[in-house]
Structures are given as structure tokens and as C-alpha cells.
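Inspection log for the structure reproduced underneath, given as C-alpha cells.
The analysis underlying the following values was restricted to heavy atoms, covering all of them including side chains, and did not include hydrogens, waters or symmetry mates.
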Amino acid sequence: MSRAIALSAKTSLVDCAGGVFGSVIVKDGQIIGEGANRVVAENDPTWHGEIEAIRNACKTAGSFKLTGATLYTSAEPCPMCMAAAYWAGIERVYYASTNADARQYGDFDDDVIYKELAKPVDHRSIACTQIMQDEAVEVWKAYHDKPDRVPY
């Protein structure tokens, strides 16, 4: 956790690359991936510390699954980062500061996202309209029948 917090300090206070978010992923007692928030530096709203750490850990592991890995992150993961941890198969998450701390000291407020995701699709603030389902499902059917597809 100390390394994750150090990464959060460097990216936010020294590099001015993004918010106070740093992460490391550990497997079998070794750090296999690190990441820091670079949203501002990269003009990329998805460049969160956890996402970068997961990408780097997957490269190190040579797999898109991080079974048995632990994520240490300087702040409670946002919805995107928590979803990525689930998709990566991370076993455990340790976090230091809370969403309330991020809101109080950094004006980061994920509550709107949690509230929006809890709403039915047709009641969300971003308009979502389904189109061309039949065409998309044809590709799904071909993928389903593909004999060499890699399940995940």
C-alpha cells in the first residue's frame, strides 16, 4: 500500500498528471503491475491508476486473467476500476482513502455514476437507444460458433 500511496503522490503533486490515485497489483508476494492516474496528462478519462496497473500486470502475467492477484490502491476504486478488477479476476482489493475522502479533498464525486447505473436505461442522463440488434446478434452467433474462440 505504501507504494500505491507513493505513486498517488508523485502523479498528483509532482507530475501534475492527474488525481491522487496510485495502484499496485501483487501476486505471489511480488508486484507485477503498477499504475497512476494520468487523466490530465493524457487527456484520457479512463487513465486511472487501477486500469494502468491491471494492464501492466496482465502484460507481466501474459494473461488477461489475474487469478490469485491482489490490488492495492490509494483510494477506493471508482465503478470503472472496480468492474475492471472483476473482469481481470482479481481476488482481493485493499484501498486506503475512501470515496468520501476523494469528494472532500479533491472534489471527486462518483455518486452520480452509482445513481445513474442504478436507474433503468431509459431514465439515465445519457440517452441510450438500441438500434440494429439483428445485425449485431448475427456477429454474436458467429462468435458463439467459432471453434477457436478464447473464452473469458
Side-chain angles (χ1 to χ4, degrees), residues 1 4-5 7-8 11-12 15-27 32-59 61-152:
M1 184 60 81
I5 293 170
L7 288 166
S8 78
T11 198
S12 64
D15 298 342
C16 301
V20 188
F21 306 101
S23 302
V24 298
I25 296 178
V26 174
K27 186 170 181 176
I32 62 169
E34 295 185 343
N37 186 288
R38 294 190 53 83
V39 167
V40 173
E42 304 298 335
N43 292 316
D44 181 348
T46 68
W47 202 305
H48 291 198
E50 296 93 335
I51 300 296
E52 184 178 37
I54 288 169
R55 288 177 181 153
N56 289 333
C58 286
K59 286 179 187 172
S63 174
F64 54 81
K65 285 293 183 187
L66 298 172
T67 306
T70 300
L71 169 64
Y72 293 85
T73 184
S74 65
E76 189 174 354
C78 74
M80 175 183 69
C81 292
M82 199 65 220
Y86 278 105
W87 285 326
I90 289 173
E91 188 172 291
R92 186 175 192 96
V93 174
Y94 290 98
Y95 62 93
S97 62
T98 65
N99 286 334
D101 295 325
R103 184 173 39 256
Q104 180 176 356
Y105 300 111
D107 299 319
F108 289 92
D109 188 1
D110 293 336
D111 287 347
V112 66
I113 297 170
Y114 290 110
K115 290 175 184 173
E116 285 292 309
L117 291 175
K119 294 178 184 178
V121 173
D122 60 341
H123 288 86
R124 294 179 184 165
S125 63
I126 296 176
C128 296
T129 305
Q130 183 182 24
I131 60 172
M132 298 183 70
Q133 180 183 11
D134 292 340
E135 293 84 348
V137 170
E138 287 304 313
V139 179
W140 276 110
K141 289 176 182 176
Y143 178 74
H144 177 267
D145 296 336
K146 190 175 188 302
D148 62 342
R149 78 176 160 120
V150 177
Y152 64 97

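T11 and G19 make their closest contact through CG2-O, 3.4 Å (heavy atoms, listed as atom of the first residue, atom of the second, distance). The minimum heavy-atom distance linking D111 with R103 is given by the pair OD2-NH1, 3.1 Å. The minimum heavy-atom distance between I25 and A69, with the atom names listed, is CG2-CB, 3.8 Å. Taking each heavy atom of N99 and P77 in turn, the nearest pair found is OD1-O, 4.4 Å. Between L7 and G35 the shortest heavy-atom distance is CD1-O, 3.8 Å. A pairwise comparison of heavy atoms in S74 and V20 identifies OG-O, 3.4 Å as the closest pair.
With rounding to the nearest 0.5 Å, the separation of NZ in K59 from CD1 in I54 is 13.0 Å. Note that CG of D15 and CG of N37 are 11.0 Å apart. Values are rounded to the nearest 0.5 Å.
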Please output the side-chain donor-acceptor pairs of residues 115-123 that fall under 3.5 Å, not counting sequence neighbours, one pair per line with the distance.
unit_1: E116; atom_1: OE1; unit_2: S125; atom_2: N; d: 2.6
unit_1: E116; atom_1: OE1; unit_2: S125; atom_2: OG; d: 3.3
unit_1: E116; atom_1: OE2; unit_2: K119; atom_2: NZ; d: 2.8

Identify each donor-acceptor pair in which a side-chain atom of residues 85-95 lies under 3.5 Å from a protein atom, sequence neighbours left out, and give them as a table.
unit_1: R92; atom_1: NE; unit_2: Y94; atom_2: OH; d: 2.7

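Remark: the backbone N or O of T67 is paired with a side-chain donor or acceptor of K27 at under 3.5 angstrom.
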*Output, in order, the C-alpha distance, side-chain angles, deciding distance and verdict of salt bridge (Lys or Arg N to Asp or Glu O under 4.0 Å) for E52 and R55.*
CA-CA 5 Å; E52 184 178 37; R55 288 177 181 153; over 6 Å; no
_Apply side-chain contact (heavy atoms from CB on, under 4.5 Å) to residues T46 and M80 and explain how you reach the verdict._
CA-CA 8 Å; T46 68; M80 175 183 69; 4.0 Å; yes
_Worked verdict on R149 versus H144 for side-chain contact (heavy atoms from CB on, under 4.5 Å)_ = CA-CA 8 Å; R149 78 176 160 120; H144 177 267; 4.1 Å; yes
*What's the verdict on side-chain contact (heavy atoms from CB on, under 4.5 Å) for L66 and L71, showing C-alpha distance, side-chain angles and the deciding distance?*
CA-CA 10 Å; L66 298 172; L71 169 64; over 6 Å; no
*Just do the side-chain contact (heavy atoms from CB on, under 4.5 Å) check on I51 and C81 with the steps written out, would you?*
CA-CA 6 Å; I51 300 296; C81 292; 3.8 Å; yes
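In K65, the NZ atom is crowded: over 12 heavy atoms of neighbouring residues, nucleotides or ligands sit closer than 6.0 Å.
Ring pair F108/F21 is perpendicular by interplanar angle, where above 60° counts as perpendicular and below 30° as parallel.
Taking the side chain as every heavy atom from C-beta outward, D110 and P79 approach each other to under 4.5 Å.
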